[in-house]
Amino acid sequence: MRIDVLTIFPDYLAPLELSLLGKARRDGLVDVRVHDLRDFTHDRHRTVDDSPLGGGAGMVMKPEPWAEALESVIAAGREELGDDAAPLIVFPNPAGAPFAQATAQSWSQRPWLLFACGRYEGIDERVYEHLAARGHELALASLGDYVLNGGEVAVLAITEAVVRLVPGVVGNAASLVEESHSDGLLEYPLYTRPATWTAPDGTVRAVPEILLSGDHARIAAWRAEQSRLRTAERRPDLLAPPAPGDAADTAPAS
Ligand SMILES: N#Cc1c(-c2ccc3ccn(Cc4ccc(CN5CCCCC5)cc4)c3c2)n[nH]c1N
């Protein structure tokens, strides 16, 4: 999988070189390139923003640097991946479709993701229009109903959720199956040694006997029931039928 990220804060994406993601890059399972949007400006101040036309608070990201940057990054990607290669261009956006595990599953099958990190109040709408008109596949995705200052944090989260599903990245693929949200339910309670633990306040806490029984069928049934109970208690919304268009995938830019 190839991942390109366009941002005015490249250093924000440094964590992509660490831990599991770093190893996946070193193992050649994922190829991550981070690009500075300001490299595609031509004025002395490397300007990427301007005041909103029509008034309003804050600044808006100018279309020129974005158009030039996206053109350049896509051309460079095609040099390596082939002329027919086409990225899914993902714009983290508070007005985007909710990024969910199903989105991560879907995007982990993609050969090429291109993340466009907005800042300020957002990106000039004509950038989305221009990309769509040129036949590019766009997705606007949101991490959740709260406001961040830009798209970089979302890209870190989305990239981690997606790349860990790429075959070979996580050592024990079985662990991906039983995780929260992978089957639509929250995961069951986890325990490890000691089987009986005396807490600092003196309370003796033992693990559920079933887990020490060695009866794997009964343990699996107990865990499934615990997942259902925990989901009903903490996230009953996950048990409701999904509404149409519930998660970000490749919804065209609005
Ligand atoms: N993913 C994700 C996100 C983001 C996110 C993602 C990308 C960008 C680029 C810039 N910002 C900052 C920002 C701040 C306020 C507003 C709302 N304004 C209302 C009045 C008219 C102008 C816009 C929009 C954008 C971003 C935030 N926030 N929360 C998520 N889950």
Side-chain angles (χ1 to χ4, degrees), residues 2-18 21-22 25 30-81 85-97 99 112-160 162 248 252-254:
R2 161 93 175 225
I3 295 177
D4 286 283
V5 185
L6 268 165
T7 170
I8 60 172
F9 294 123
D11 293 347
Y12 224 112
L13 283 302
L16 294 181
E17 293 163 19
L18 304 175
L21 252 49
R25 292 172 77 171
V30 63
D31 177 8
V32 179
R33 315 284 177 94
V34 179
H35 313 272
D36 187 341
L37 182 69
R38 293 190 193 277
D39 290 347
F40 301 91
T41 61
H42 303 287
D43 64 301
R44 192 155 58 96
H45 299 293
R46 295 163 58 95
T47 307
V48 293
D49 64 306
D50 202 338
S51 306
L53 288 174
M59 302 294 274
V60 175
M61 299 193 92
K62 294 170 60 61
E64 304 96 321
W66 276 109
E68 185 175 328
L70 287 160
E71 196 86 27
S72 170
V73 168
I74 291 170
R78 283 180 170 155
E79 283 286 311
E80 297 193 27
L81 301 173
L88 172 64
I89 306 176
V90 178
F91 289 89
N93 189 306
F99 178 79
W112 188 7
L113 298 176
L114 196 173
F115 291 103
C117 297
R119 274 275 156 174
Y120 309 102
E121 296 298 320
I123 300 171
D124 187 300
E125 188 67 16
R126 291 170 292 179
V127 173
Y128 303 102
E129 292 168 2
H130 168 69
L131 293 169
R134 290 174 61 82
H136 291 296
E137 194 177 2
L138 314 183
L140 277 66
S142 169
L143 275 194
D145 292 337
Y146 43 83
V147 181
L148 301 168
N149 287 331
E152 287 79 6
V153 165
V155 170
L156 289 173
I158 291 170
T159 300
E160 179 157 316
V162 168
S254 55

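Remember, predicted model here, so these are calculated numbers, not experimental data. Computed over heavy atoms, backbone and side chain alike; hydrogens, waters and symmetry mates excluded.
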Show the atom names and distances, to 0.1 Å, of all donor-acceptor pairs under 3.5 Å that link a side chain in residues 45-69 to residues at least two apart or in another chain.
unit_1, atom_1, unit_2, atom_2, d
Arg46, NH2, Asp39, OD1, 3.2
Thr47, OG1, Asp43, OD2, 2.5
Glu68, OE1, His42, NE2, 2.8
Glu68, OE2, His42, NE2, 2.9

I need the [X] [atom1] to [Y] [atom2] distance, nearest 0.5 Å.
{"X": "Phe99", "Y": "Leu140", "atom1": "CZ", "atom2": "CG", "answer": "14.0 Å"}
{"X": "Leu131", "Y": "Ile89", "atom1": "CG", "atom2": "CD1", "answer": "4.5 Å"}
{"X": "Phe115", "Y": "Asp4", "atom1": "CZ", "atom2": "CG", "answer": "10.0 Å"}
{"X": "Leu70", "Y": "Leu37", "atom1": "CG", "atom2": "CG", "answer": "8.0 Å"}
{"X": "Leu88", "Y": "Leu138", "atom1": "CG", "atom2": "CG", "answer": "8.0 Å"}

- prompt: So does Arg126 pair up with Asp124, basic N to acidic O under 4.0 Å?
  reply: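 Yes, this pair counts.
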Any side-chain heavy-atom pair from [X] and [Y] closer than 4.5 angstrom?
{"X": "Ile8", "Y": "Tyr120", "value": "yes"}
{"X": "Asp11", "Y": "Val34", "value": "no"}
{"X": "Ile74", "Y": "His136", "value": "yes"}
{"X": "Cys117", "Y": "Val5", "value": "yes"}

On a heavy-atom basis, which atom in [X] and which in [Y] lie closest, and how many Å separate them?
{"X": "Trp112", "Y": "Val73", "result": "CZ2-O, 4.0 Å"}
{"X": "Tyr128", "Y": "Ile123", "result": "CE1-O, 3.9 Å"}
{"X": "Ser142", "Y": "Gly96", "result": "CB-O, 3.5 Å"}
{"X": "Glu160", "Y": "Leu21", "result": "CA-CD1, 4.3 Å"}
{"X": "Phe9", "Y": "Leu13", "result": "O-CD2, 3.8 Å"}

- request: Output all residues satisfying salt bridge (Lys or Arg N to Asp or Glu O under 4.0 Å) with Arg33, sequence neighbours left out; order by chain, then residue number.
  value: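 Partners of Arg33 under the salt bridge (Lys or Arg N to Asp or Glu O under 4.0 Å) test: Asp31, Glu80.
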field: Any residue meeting salt bridge (Lys or Arg N to Asp or Glu O under 4.0 Å) with Arg119, in chain and number order, not counting sequence neighbours
entry: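 Result, salt bridge (Lys or Arg N to Asp or Glu O under 4.0 Å) vs Arg119: Glu152.
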message: Can you confirm whether more than 12 heavy atoms, excluding those of Tyr12, are under 6.0 Å from its OH atom?
response: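 12 or below, so no.
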